[in-house]
Amino acid sequence: MIKAIRGTRDILPPASALWNHVEAATRHVFRTFHYHEIRTPIFEETALFARGVGQDTDIVSKEMYTWDDRDGTSITLRPENTASVIRAYIEHRLDQIPGLKKLYYIGPMFRRERPQKGRYRQFSQIGAECIGSDSPVIDAEMIELALEVLVRCGVQNPHLLLNSVGCATCRPRFVEALRERLQHVKHTMCADCQRRADTNALRVLDCKVPEDQNIIDSLPSILEHLCQPCAQHFETVKSMIEARGIDYEIRSRLVRGLDYYTRTTFEVTHGALGAQNSILGGGRYDGLAESLGSRIPAPGIGFSIGEDRLVMAIEEHVKAEDLARLDVFLIALGDAALKHAALLARDLRAQGISVELSADHKVKRAMETANKLNARYALILGDNEIAAGVYALKDMASGEQQNLSKSALLSAFNA
RNA sequence: GCGCGUGUAGCUCAGCCGGUAGUAGCGCCAGAUUGUGGUUCUGGAUGUCGUGGGUUCGAAUCCCACCACGCGCCCCA
């Protein structure tokens, strides 16, 4: 038997209804914020990600699906979408179009990691980017947008973590200070931290080993090392978020794994997702366009939601079975009724009512099917009903049945 | 990539001090005569016991490898 590739999966009904619900709610929110969809290719030149995401990140150095095309070009399945969006922005000179570019996307990403609950090799991200401004006002609205998407999809109690990682001026100074401090204390820390102290000092801040926490707490904080412009930017972001009534937690140790982030970074976590408790991550990337070789500056900020994790977070209170539920199971008895039923089904569907035509010949059999499908109503149409000009509508939950004229039937569903 | 754990009917599982699987529960299919489901009763189908090797007269049961999933690490959405 051929089975789905490791780390990939099939999303079947009724679970797929949950995905449709999430995507429909998401698109609605984006429309109200005047964000519009961009669809970029699933694969790009490898160099785009190497330069955009960062050669030294785990994503680029060991998680990408990369191969050589027939002409020798190195091609990679996208591990994330921000680099592609910026590439498209530059390529199509979107900076020449008036207004900020407010774009969103929904689609599959690919990373070759060890599969785990909430972590797949093909996974879907819902993301947004606002390109063309470095104003902190944009940061605050982006964060509001991100939370609004989550809440409208049904996420309860999203927890916002906020930080600033500085810019090309102040971050290197901080990393140097951090590294120097670590030289004195790293020998008392876990093996991973000893290694990271030299290779990627920032990641030490993210260590979860309990014994290391006291030491980490004593390490310098990036927030105390921000340059004046970055500190001012961060203050404005915070006050703008507060003005929106959004709760947040400053997490100065929040370190993102993509090299392009500058200044504002944020993350949303949610309980009951296991080790992969991060449902959304985002931040500003003012130098990304330039690092892709563009002479067009394209300061921006964005976020991406792990759609798989978002679905996991809501499936406890948003039931796929309810979303996919059948309204009417239409039981037609006899040839005349079948033809009549086809037209009735068309009228009901035109009103947005879901209708399934019975393929069963016996009423008893059909009722059993209606019950198993968990239909709200069974609608019986036979010679008796045709002769009387009525429809027998049975409420499957209460068992009540009544004969209704066509107009009464159509209006019965409007309630 | 590393460590731990799990892998038996569609699903949840029992069997696991070795002798070729269970009347298990749920589900599925069929029946209890006429155009009415959910309860009940009766009958029925379905498994290369994750895959491949090894030990043994004999393995679902022991050993090894691989695969998949879960948890943790790493990383991130």
Side-chain angles (χ1 to χ4, degrees), chain A residues 1 3-9 12 53 56-64 78-82 105-127 146 150 190-193 195-196 199-200 203 206-209 254-258 261 265-270 273-283 302-313 329 331-334 337 358 360-385 392-401:
Chain A
M1 266 302 293
K3 295 199 282 193
I5 300 267
R6 179 167 154 86
T8 71
R9 58 197 185 133
L12 308 170
V53 177
D56 297 329
T57 60
D58 279 16
I59 291 175
V60 171
S61 64
K62 53 192 189 195
E63 295 175 1
M64 296 203 303
R78 63 184 188 192
E80 60 103 53
N81 207 25
T82 300
Y105 57 84
I106 299 174
M109 310 294 160
F110 306 85
R111 295 182 199 171
R112 199 181 186 292
E113 298 180 87
R114 175 79 175 264
Q116 216 176 100
K117 189 188 186 79
R119 190 170 76 186
Y120 306 98
R121 290 183 171 182
Q122 175 178 334
F123 60 102
S124 181
Q125 287 191 332
I126 297 170
L150 294 180
C190 70
D192 282 334
C193 281
R195 174 176 51 77
R196 286 183 289 226
T199 58
N200 193 347
R203 296 234 68 93
D206 229 14
C207 177
K208 293 167 189 79
V209 176
L254 180 64
V255 175
R256 318 235 83 255
L258 290 76
Y261 283 121
T265 59
F266 55 99
E267 185 169 317
V268 175
T269 58
H270 191 270
L273 289 185
Q276 273 61 51
N277 66 346
S278 173
I279 197 171
L280 174 151
F303 67 80
S304 70
I305 295 168
E307 189 175 3
D308 305 73
R309 293 180 189 177
L310 171 54
V311 168
M312 281 168 59
F329 190 70
I331 302 166
L333 305 167
S358 170
D360 296 311
H361 300 299
K362 296 179 177 174
V363 177
K364 179 183 174 61
R365 156 71 68 206
M367 289 302 297
E368 285 174 0
T369 304
N371 188 53
K372 285 171 185 166
L373 294 178
N374 194 27
R376 292 176 209 277
Y377 296 98
L379 202 162
I380 301 162
L381 177 56
D383 293 338
N384 300 346
E385 284 74 20
L393 183 69
K394 177 162 184 168
D395 183 318
M396 293 301 286
S398 68
E400 286 171 21
Q401 182 170 325

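Lettering follows sequence order; numbering is per chain, from 1.
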Does Arg111(A) get its side chain close enough to the base of A77(B), under 3.5 Å, for a donor-acceptor pair?
-> yes
Over how many whole Å does the gap from Arg121(A) atom CZ to A68(B) atom C1' extend?
-> 11 Å
Determine the Euclidean distance between corresponding P atoms of A77(B) and C66(B); express it in Å to zero decimal places.
-> 31 Å
Between atom CG in Asp395(A) and atom P in G37(B), what is the gap in whole Å?
-> 16 Å
Watson-Crick or G-U counterpart of U20(B), or none if no pair lies under 3.5 Å | none
Compare every heavy atom of Phe329(A) with every heavy atom of Ala375(A), then report the nearest pair and how far apart it is.
-> CB-CB, 4.0 Å
So does Gln116(A) get a side-chain nitrogen or oxygen closer than 4.0 Å to the phosphate oxygens (OP1/OP2) of C69(B)?
-> no
Scanning all shown strands, the Watson-Crick or wobble mate of C4(B) with both distances under 3.5 Å is G70(B)
From CD of Glu63(A) across to C1' of C2(B) the rounded distance in Å is 15 Å
Could you work out the separation of G54(B) and G44(B) based on their P atoms and round it to a whole Å?
-> 40 Å
Rounded interatomic separation in angstrom, taking CD1 from Ile59(A) and C1' from A77(B) = 9 Å
Inter-residue atom distance Asn277(A).CG - Thr269(A).OG1, 0.5 Å rounding = 5.5 Å
How long is the line joining CD of Glu113(A) and C1' of C2(B), in whole Å?
-> 14 Å
Where protein sits on nucleotides 40-48 of chain B, one letter per nucleotide: B base, S sugar-phosphate only, - none, heavy atoms under 4.0 Å | ---------
How is Gly127(A) classified with respect to the nucleic acid when contacts are heavy atoms under 4.0 Å: base, sugar-phosphate, or nothing?
-> nothing
Please test Ser124(A) against Asp308(A) for side-chain contact (heavy atoms from CB on, under 4.5 Å), starting from the C-alpha separation and ending with a verdict.
-> CA-CA 6 Å; Ser124(A) 181; Asp308(A) 305 73; 4.1 Å; yes
Whole-Å distance, Lys117(A) NZ to A68(B) C1', equals 16 Å
Taking atom C1' in both G10(B) and C29(B), compute the distance separating them and give it to the nearest angstrom.
-> 13 Å
Contact nearer the 5' end of RNA chain B, comparing Gly118(A) with Lys62(A) | Lys62(A)
Touch class at under 4.0 angstrom, heavy-atom based, for Ala397(A) against every strand present | base
Minimal heavy-atom distance between Ala378(A) and Ala370(A), with the atoms involved, is CB-CB, 4.4 Å
Roughly how far, to the nearest 0.5 Å, is the NZ atom of Lys62(A) from the OG1 atom of Thr57(A)?
-> 10.0 Å
Paired with A65(B) by Watson-Crick or G-U wobble geometry, both distances under 3.5 Å: which nucleotide is it?
-> U51(B)
Option passing side chain to side chain contact (heavy atoms under 4.5 Å, CB included) with Val53(A) (candidates Met64(A), Glu80(A), Arg78(A)) | Glu80(A)
Distance in angstrom units between Phe266(A) CZ and A77(B) P, rounded | 11 Å
What does Gly7(A) touch in the nucleic acid at a heavy-atom separation under 4.0 angstrom: a base, only the sugar-phosphate, or nothing?
-> sugar-phosphate
Looking across every strand, which nucleic acid part, if any, lies under 4.0 Å from Arg6(A) by heavy atom: base, sugar-phosphate, or nothing?
-> sugar-phosphate
Looking at CG of Leu381(A) and CG of Asn384(A), how far apart are the two atoms once the value is rounded to the nearest 0.5 Å?
-> 10.0 Å
Taking the P atom of each, how far is A65(B) from C57(B), in whole Å?
-> 24 Å
What distance, rounded to whole Å, do you find between the two C1' atoms, one in A21(B) and one in A60(B)?
-> 8 Å
Base, sugar-phosphate, or nothing: which does Met109(A) touch, judged by heavy atoms less than 4.0 Å apart?
-> nothing
For C76(B), give its Watson-Crick or G-U wobble partner with both distances under 3.5 Å, or none.
-> none
Heavy atoms of Gly382(A) and Ala337(A) approach each other most closely as CA-CB, 4.3 Å
Under a 3.5 Å limit on both distances, the Watson-Crick or wobble mate of G37(B) is none
With C1' as the reference atom in both, quote the distance from G7(B) to U23(B) in angstrom, rounded to an integer.
-> 26 Å
Complement of G44(B), any strand, by Watson-Crick or G-U distances under 3.5 angstrom = C28(B)
Does A9(B) pair with anything, Watson-Crick or G-U wobble, both distances under 3.5 Å, and if so, with which nucleotide?
-> none
What is the nucleic acid contact for Arg9(A), judged by heavy atoms within less than 4.0 Å: base, sugar-phosphate only, or nothing?
-> nothing
Is any N or O donor-acceptor pair between the side chain of Arg119(A) and the base of C74(B) shorter than 3.5 Å?
-> yes
When rounded to whole Å, the CD1 to P distance for the pair Ile5(A) and C69(B) reads 11 Å
For the atom pair OH (Tyr120(A)) and CZ (Arg309(A)), what is the distance rounded to the nearest 0.5 Å?
-> 9.0 Å
Inter-residue atom distance Glu113(A).CD - Ile59(A).CD1, 0.5 Å rounding = 7.5 Å
Given that Arg112(A) and Glu267(A) both sit by RNA chain B, which one's nearest nucleotide is further toward the 5' end?
-> Arg112(A)
Distance between the P atoms of G22(B) and A9(B), in whole angstroms?
-> 14 Å
Is any N or O donor-acceptor pair between the side chain of Asn371(A) and the base of G37(B) shorter than 3.5 Å?
-> yes
Say you draw a straight line from CG of Asn81(A) to CD1 of Ile106(A); how long is it, rounded to the nearest 0.5 Å?
-> 11.5 Å
Give the B/S/- string for nucleotides 29-36 of chain B, one per nucleotide from 5' to 3', where a protein heavy atom under 4.0 Å of the base yields B, of only the sugar-phosphate yields S, and otherwise -.
-> SS----BB
Assign Tyr377(A) to base, sugar-phosphate, or nothing according to its heavy-atom contacts below 4.0 angstrom with the strands shown.
-> nothing
Considering only atom P, compute the distance from G18(B) to U61(B) and round it to an integer number of Å.
-> 12 Å
Taking only the side-chain nitrogens and oxygens of Arg114(A), find out if one of them lies under 4.0 Å from OP1 or OP2 of C69(B).
-> no
Decide side-chain contact (heavy atoms from CB on, under 4.5 Å) for Leu280(A) and Phe266(A); before the verdict, give the C-alpha distance in whole Å, the side-chain angles of both, and the deciding distance to 0.1 Å.
-> CA-CA 8 Å; Leu280(A) 174 151; Phe266(A) 55 99; 3.7 Å; yes
Would you say the side chain of Asp383(A) lies within less than 4.5 Å of the side chain of Leu333(A), judging by non-hydrogen atoms?
-> no
